[in-house]
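Everything below concerns the one structure shown next.
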Amino acid sequence: MIEMNTKWRIPFWIVFLVAVITLLPFLGNTDFTTKGEPREAVVALSMLNQHNWILPTNNGVDIPYKPPFFQWCIALFSLPFGHITAYTSRLPSAIALIIMLSWGAVFYARRKNSQVSVLAAVLTLTAFEVHRAGTNCRVDMVLTLFIVGALYQLYRWWEHDCHQLPWWAILAMSAATLTKGPVGIVLPCFVMTVFMTVMTWRQQGSYKSLALRLVGKLLPAAILACVLPALWYWAAYQQGGENFLWLVMDENFGRFMGKMAHVTHANGWYYNLLTLITGWLPWTLPVVLSLFVLPWKQFARQHFADSVRKADALQVFTWLAFLLILFFYCIPKSKRSVYLLPCYPFMAVLLAEYLVWLVKRSYAPIRIYIGLLCTIGIVLTGLLVVLRAGAVPDTLFHGHHAADNIAIVHALACQPLSVADISWISMPLIGCCIGLLCLLHRRVAAVTERPVLASLTMTLLLFLAFDGYYKPTIMNTKSLKPFATRIGRLAAHEPLYAYTGPSERGDDALRFYGTDFFLNDRIRQFDHDLPTNGLVMVPASKVSLLKDNYTVKAPHYEFKEVYRSARRETEFKDTIYVFRFQGKQKKVGR
């Protein structure tokens, strides 16, 4: 068993405080602008409204696509406030990221060193994909916390010769499964099985009876991790019946085997590599720049093989966790960038070690990166000054997105600035000062002695400016709330319905998720209820279908247009018609 140092408290507090300051103040500044976030939030809303924490329905007919742990967290965090908001909806993701970063800092500080552990945590925090997931109302960051945490705990269990049961790992895998399904157990066990196989072979030089021994060690933990999720699955099946069972099979096994009823996000294996490159922005830039200064001639196949053989257990674990998770998510036909989030904490450690090694040989890549950050800060601030001076006319914009671009320019140019806004806007300029000091005077102050530290600080300041001012100002021009407010006033005393045509199972685009969330989950589905009167919202592409099905054919309805939206006010990015209708409450055979 390795000797673990106790110098982890300072890395823990540094990472914890940086993450809290960077994430928590800004979560509620941006309204919901896409279907993904309100789709998750409305499930938690339906839990509170219906007092059903197992399998509530939303939008009148839908049951949740995923297990409920994430929505439980939203609902519990919202209870003290009395209602669910954008802030409380995103809070579970932010807290999950804070815990994961702090946990990783402690894990690697104890086994490696404080410098790498802090550097890796801040790199993870400022990776675009991770930062976005940590500030969104989506299940992926909570799932990532439990998968990564389970791996940390299973490694610790392995360090102690697999004595007793890894109860913390079992609980983490249970929570991961309750967040997004069986992948929360399969993935950690897969990585640890391969790691333990490799380490046993290195120690004993033989695979004899190895598989049976490993299964004997991990199988009880995997089985116990199934207990809590099984209780929820059974309770949900009692409520949802065959429809729930079909959805579970389609979302988990159908998705993995590429046999979903409605395959979404279908991409080739190379897609994962591309998303890792973009997901690591802005840190992709110094890594790419470093390729031009590496001593390639010194690298040899034999040298690489020797390095692999001499790698310690922690290094092997880190490499395998990164590579095996990447490989695992190359198998399903459905691929999304957020699926690779569990890779990032382990990649960050490797990247941190690489940057520490690199600056001992050449400052050039980091110094160029600092120069780029200075340029971005100056250009960003200068562009804002130009906009607020009214130097950009509306006539400059043409084409399909002209209205959206004009709205963004007006928001940046005309919105009054508070003291807080001015503070966030000034962050890139403060970063420029730090960068210029580092570039011009290497030893002026402690913060500029190490270009890596200066670049980290500048990157964090850019994220503060982005989250504190630029993101909410720009994204709120696309908010789903104004449309919902208008519809709420229009249907103040009438039932409200939506018609989006025949929906295919698995196609989650065919719902007014944002409108339904802001209207407290009051929307029902017209073609399901066939009501006698009320208001119905219909995308322009479905209006003819509605009238063909319910005016020409029985049951007969009379529709009168009362409102027509702008094109991009909802998730559908289409004009929405609102009709007042009268008809007979009579369902016909389908």
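All heavy atoms count here, side chains included; hydrogens, waters and symmetry mates do not.
The minimum heavy-atom distance between Ser423 and Ser426, with the atom names listed, is O-OG, 2.6 Å. For Thr124 against Ala348, the heavy-atom pair with the smallest separation is OG1-CB, 3.0 Å. Considering all non-hydrogen atoms of both residues, Val538 and Val543 come closest at CG1-N, 3.8 Å. In terms of heavy atoms, Leu326 sits closest to Leu276 at CD1-CD1, 3.9 Å. Residues Phe579 and Leu546 share a closest heavy-atom pair of CD1-CD2, 4.3 Å. The two residues Thr177 and Pro67 come nearest to each other via the heavy atoms O-CG, 3.4 Å.
Note that CD1 of Ile576 and OH of Tyr563 are 10.0 Å apart. Values are rounded to the nearest 0.5 Å. Separating the OH atom in Tyr87 from the OG1 atom in Thr85 is a distance of 9.0 Å, to the nearest 0.5 Å. Here the straight-line distance linking atom CD1 of Ile74 with atom CZ of Phe69 works out to 11.5 Å at 0.5 Å rounding. Atom CG of residue Leu380 and atom CD1 of residue Ile425 lie 9.0 Å apart, to the nearest 0.5 angstrom. To the nearest 0.5 angstrom, Tyr339 atom OH is 13.5 Å from Cys330 atom SG. Taken from CG in Leu285 to CD1 in Ile376, the straight-line distance is 7.5 Å, to the nearest 0.5 Å.
Looking at residues two or more places apart in sequence or on another chain, you find no ring-ring contact (aromatic ring centres under 6.0 Å, His included) involving Phe77. Partners of Phe70 according to the ring-ring contact (aromatic ring centres under 6.0 Å, His included) rule, which considers only residues two or more places apart in sequence or in another chain, do not exist here. By the salt bridge (charged side-chain N to carboxylate O under 4.0 Å, His left out) test, Glu494 is found to be paired with Arg580, residues two or more places apart in sequence or in another chain being considered. Partners of Tyr233 under the ring-ring contact (aromatic ring centres under 6.0 Å, His included) rule, at least two apart in sequence or in another chain, do not exist in this structure.
Between Lys481 and Asp31, no side-chain nitrogen of the basic residue sits less than 4.0 Å from a carboxylate oxygen of the acidic one, so the salt-bridge criterion is not met. Of the charged side-chain nitrogens involved, at least one lies within less than 4.0 Å of a carboxylate oxygen, so that Arg511 and Asp62 count as a salt-bridged pair.
Of the residues listed (Phe512, Phe483, Phe32), the one engaging Phe517 in a ring pair (Phe, Tyr, Trp, His ring centres under 6.0 Å) is Phe32, and it is the only one.
Listed by first then second residue, pairs satisfying side-chain hydrogen bond (donor to acceptor under 3.5 Å, both in side chains) with a partner in residues 460-472 read His131-Asp467, not counting sequence neighbours.
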Per-pair distances, 0.1 Å, donor-acceptor, side chain in residues 384-394, under 3.5 Å, sequence neighbours excluded:
| unit_1 | atom_1 | unit_2 | atom_2 | d |
| --- | --- | --- | --- | --- |
| Arg388 | NH1 | Leu412 | O | 2.8 |
| Arg388 | NH1 | Gln415 | O | 3.1 |
| Arg388 | NH2 | Gln415 | O | 3.0 |
| Asp394 | OD1 | His410 | NE2 | 2.9 |
| Asp394 | OD2 | His410 | NE2 | 3.1 |

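Ring centroid separation for the pair Phe581 and Tyr550 does not come in under the 6.0 Å cut-off.
Put simply, the side chain of Pro64 does not reach to within 4.5 Å of the side chain of Gln71, judged on heavy atoms. The side-chain heavy atoms of Val148 and Tyr344, taken from C-beta on, include no pair separated by under 4.5 Å. Met537 places a side-chain heavy atom less than 4.5 Å from the side chain of Ile523.
For the residue pair Ser418 / Asp421, a side-chain donor-acceptor distance below 3.5 Å is found, with atom types taken as modelled. There is a side-chain donor-acceptor pair under 3.5 Å between Ser78 and Thr88.
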Handout entry: Verdict with supporting geometry, Ile95 and Ile99, side-chain contact (heavy atoms from CB on, under 4.5 Å)
Key = CA-CA 6 Å; Ile95 291 176; Ile99 294 173; 3.7 Å; yes
Exercise for the section: Could you go through the side-chain contact (heavy atoms from CB on, under 4.5 Å) check for Thr30 and Arg90 one step at a time? Expected result: CA-CA 11 Å; Thr30 306; Arg90 294 168 179 144; 4.2 Å; yes
Exercise for the section: Could you walk me through whether Phe244 and Trp232 pass ring-ring contact (aromatic ring centres under 6.0 Å, His included), step by step? Expected result: CA-CA 12 Å; Phe244 167 75; Trp232 173 79; 5.6 Å; yes
Problem - Verdict with reasoning, Thr126 to Leu462, per side-chain contact (heavy atoms from CB on, under 4.5 Å) - result: CA-CA 10 Å; Thr126 52; Leu462 277 176; over 6 Å; no
Exercise for the section: Give the C-alpha distance, both sets of side-chain angles, the deciding distance and a yes or no for side-chain contact (heavy atoms from CB on, under 4.5 Å) between Thr278 and Thr284. Expected result: CA-CA 7 Å; Thr278 57; Thr284 306; over 6 Å; no
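Side chain of Asn52 to main chain of Ile54: a donor-acceptor pair is present (N/O by atom type, distance under 3.5 Å, no hydrogens or angles). The closest donor-acceptor contact from the side chain of Thr135 to the backbone of Arg132 lies under 3.5 Å. Between the side chain of Thr275 and the main chain of Asn272, a donor-acceptor pair closer than 3.5 Å is present. Without hydrogens or angle criteria, Asp521 side chain to Asn59 main chain gives a donor-acceptor distance under 3.5 Å. A donor-acceptor pair is defined here as one N or O able to donate and one able to accept, closer than 3.5 Å; such a pair exists between the side chain of Ser93 and the backbone of Asn136. Without hydrogens or angle criteria, Asp140 side chain to Ala133 main chain gives no donor-acceptor distance under 3.5 Å. For Tyr577 (side chain) and Lys542 (main-chain N/O), no donor-acceptor pair under 3.5 Å exists by modelled atom type. Trp72 contributes a side-chain N or O that, together with a main-chain N or O of Trp53, makes up a donor-acceptor pair within less than 3.5 Å. A donor-acceptor contact shorter than 3.5 Å is absent between the side chain of Glu40 and the backbone of Arg138. Formation of a donor-acceptor pair under 3.5 Å by the Gln50 side chain with backbone atoms of Thr57 is found in this model.
In this structure, Gln238 places its CD atom where more than 12 heavy-atom neighbours from other residues, nucleotides or ligands lie under 6.0 Å away. Residue Lys573 places its NZ atom among more than 12 non-hydrogen atoms of other residues, nucleotides or ligands, all under 6.0 Å distant.
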